[in-house]
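Because only heavy atoms are used, hydrogens play no part in the values below, and waters and symmetry mates are left out as well, while side chains stay in. Naming convention: chains lettered A, B, ... in sequence-line order (proteins, then strands); numbering from 1 in each chain.
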Amino acid sequence: MVHAPAPLMPRRVLGARRLAFAAILLGLLGIAMLLSLGLGSRVTGWADLGAALSGEVETMGEATVASRVPRTALAALAGAALGLAGAVMQGVTRNPLADPGILGVNAGAALAVVTGLATLGLASAQAYIWLAILGATGAAIAVYAIASVGGGGATPLKLALAGAALTAALASLTTAIVLPRGDIAGLVQSWLVGGVGGATWDRIVPVLPFLGTGALLSLATARKLNMLALGDETASALGESLWRVRILAAAGAVTLCGAATAACGPIAFVGLVVPHLCRLLLGVDYRWILPASAVSGAVLLVLADVAGRLLARPAELDVGIVTAFLGAPVFIWIVRARRVSAL
Amino acid sequence: MTDIALKLDRLSVGYGDFPVLDGLDLSLPRGRITAIVGANACGKSTLLRAMSRLLKPRSGRVLLDGVEIHAMAPRKLARRIGLLPQSPVAPEGITVFDLVSRGRHPHQGMFGRWRREDDAAVAEALRLTGTGPLAERLVEDLSGGQRQRVWIAMALAQQTDILLLDEPTTFLDINHQIEVLDLLTDLNRERGTTIVMVLHDLNLAARYADLLVAMAHGRIHAAGLPRTVLVERMLVEVFGLDARIVADPVTAKPMMVPVGRHGADPARAAIHPMENAS
């Protein structure tokens with residue numbers, strides 16, 4: 001009927017730019033993973049890398065590289081989970097400061113796991129993952145409830161403050177549980193900082209179905225988050241049920257955070273940094289932001305782990321410390337740039 | 001006016017214990033422009049929110065073609081009724097084209113594949129609102145009037161036969177107010193869109209509306225043609241305002257002129273500024 005000059009051309013340009021970005025991201029992930037296999041406190045060569053990947057482990061170097069394979073996989077998986085969860089949390093709360101670490105979700109998961117270790121003596125890995133998801137859910141509900149008290153609802157800064165306070169409280173409780181227990185203190189110390197060192201396939205495999213479920217739930221919210229970004233009223237007028245979006249998104253994010261925390265401890269800031277970077281490069285469409293945040297999160301955490309191994313040679317820095325060094329300045333930048341109310 | 005687009009049947013809405021709308025009956029004619037006026041906190045915006053299902057009625061019903069809107073699937077309703085909130089929010093960095101495209105959401109399937117009819121709907125919305133040249137601009141870089149036209153374009157891309165607008169002219173300069181109201185009139189005339197809007201300015205409401213609804217204290221005070229509703233007694237009863245009604249020199253529709261405490265002051269009225277200057 002109406003043949004207006006179709007504004008298709010710029011959309012194709014944007015599409016091409018996004019595809020190029022996707023290719024670059026995947027390339028970066030490949031490079032990061034190779035670095036993670038090849039670099040560490042023990043110096044290895046390219047020959048060791050090839051041998052370890054082909055499964056013929058004979059020398060010490062080859063064995064070292066082979067041991068780095070599950071570690072790299074865990075870093076990539078956890079990074080992807082945290083990046084994706086952060087993007088979903090920022091979208092559903094319309095809060096640029098949302099992050100699984102900052103909002104206390106990971107701390108809730110950690111407290112639940114430690115409590116389980118100390119009192120229940122659970123045996124199966126599955127039980128700990130469920131416990132972590134339960135703790136993450138509890139923390140998410142608590143932080144939202146605290147931030148909603150008083151006028152104006154859960155504003156970005158109130159949510160971040162409530163999250164910071166809750167994180168501190170939960171971490172203290174966790175410490176209080178761990179300290180008197182010499183038997184578990186050593187076990188959980190490195191885990192509590194957030195680390196992927198010493199990863200084994202036994203630790204990774206049980207987490208996979210949870211990560212998969214969380215990722216599917218999260219990715220399914222992409223279009224709904226696009227609507228939510230236009231405000232509750234417009235989203236509702238465009239046919240979205242607000243509570244359905246919130247519950248779906250929360251379920252996805254909490255499952256990802258719980259599973260990631262169960263596997264490698266509470267790691268903060270990955271979920272904060274990565275979605276902002278993706279938004280800067282890709283624009284406001286969550287159908288791109290979400291998958292890009294997952295891949296970028298993987299790249300970031302793998303590289304952070306490599307950096308942690310190199311910086312403190314011959315010892316290692318846990319990856320949670322490295323991300324905190326990276327993430328804290330970004331947090332300050334977001335607040336200073338007044339992007340706080342901009343989502 | 002027998003053809004009814006939306007019918008409110010003894011509608012009561014409230015927050016907590018406080019009733020904002022109290023047993024409201026109102027029929028909104030299809031294909032016409034209805035303007036709702038009233039003092040602050042009289043329930044105008046609440047009425048609009050109840051009609052777009054943002055608020056659940058405590059009792060009573062909102063009927064669209066005889067079907068209660070709260071019983072309809074959200075997406076199905078979103079293909080019939082569009083809403084432009086008073087202060088809509090857009091994410092930073094969104095382009096006009098992207099924003100207008102999001103109006104297609106209720107028409108898209110599970111996976112949201114973009115179809116040719118979506119392109120056509122967006123192109124038409126941009127054309128009708130004159131926002132085509134702005135398509136690649138960022139929404140935050142636009143002027144208030146441009147931005148309001150973009151939001152109307154988004155609501156048009158939604159292709160609903162009913163469009164609800166909550167104070168679409170607030171925060172706009174007077175020329176942009178007229179521009180927006182003219183645009184809504186075009187839509188009503190050309191596409192037969194039923195328009196229901198809350199307006200602050202009584203004279204603009206009387207000028208652009210086919211049906212004028214005056215609300216007070218959560219009830220309908222008067223509803224009908226502008227010349228039967230915009231009368232001196234209504235202004236006293238609804239706004240507590242002493243005013244005169246004269247004929248708008250352009251359209252001959254009723255226009256109100258407030259008296260004010262100093263308006264009829266004979267001592268001031270006698271002084272002509274030009275005489276004073278000489």
Distance-only side-chain donor-acceptor flag, [X] / [Y], under 3.5 Å:
{"X": "H107(B)", "Y": "Q159(B)", "value": "no"}
{"X": "N188(B)", "Y": "T193(B)", "value": "no"}
{"X": "Q146(B)", "Y": "R137(B)", "value": "no"}

Problem set entry | R191(B) atom CZ: more than 12 heavy-atom contacts under 6.0 Å | yes
With sequence neighbours left out, write down each residue that passes side-chain contact (heavy atoms from CB on, under 4.5 Å) with [X], or none if nothing qualifies.
{"X": "L199(B)", "answer": "A35(B), P168(B), T169(B), L181(B), M197(B), A205(B)"}
{"X": "D201(B)", "answer": "N203(B), L204(B)"}
{"X": "R244(A)", "answer": "S241(A)"}

Check whether [X] gets within reach of chain A through its side chain, its backbone, both or neither, counting any heavy atom under 4.5 Å.
{"X": "L77(B)", "answer": "neither"}
{"X": "L84(B)", "answer": "neither"}
{"X": "R49(B)", "answer": "side chain"}

Exercise. Applying a criterion of heavy atom separation less than 4.5 Å, what residues of residues 52-70 of chain B form contacts with chain A?
Worked result: L54(B)
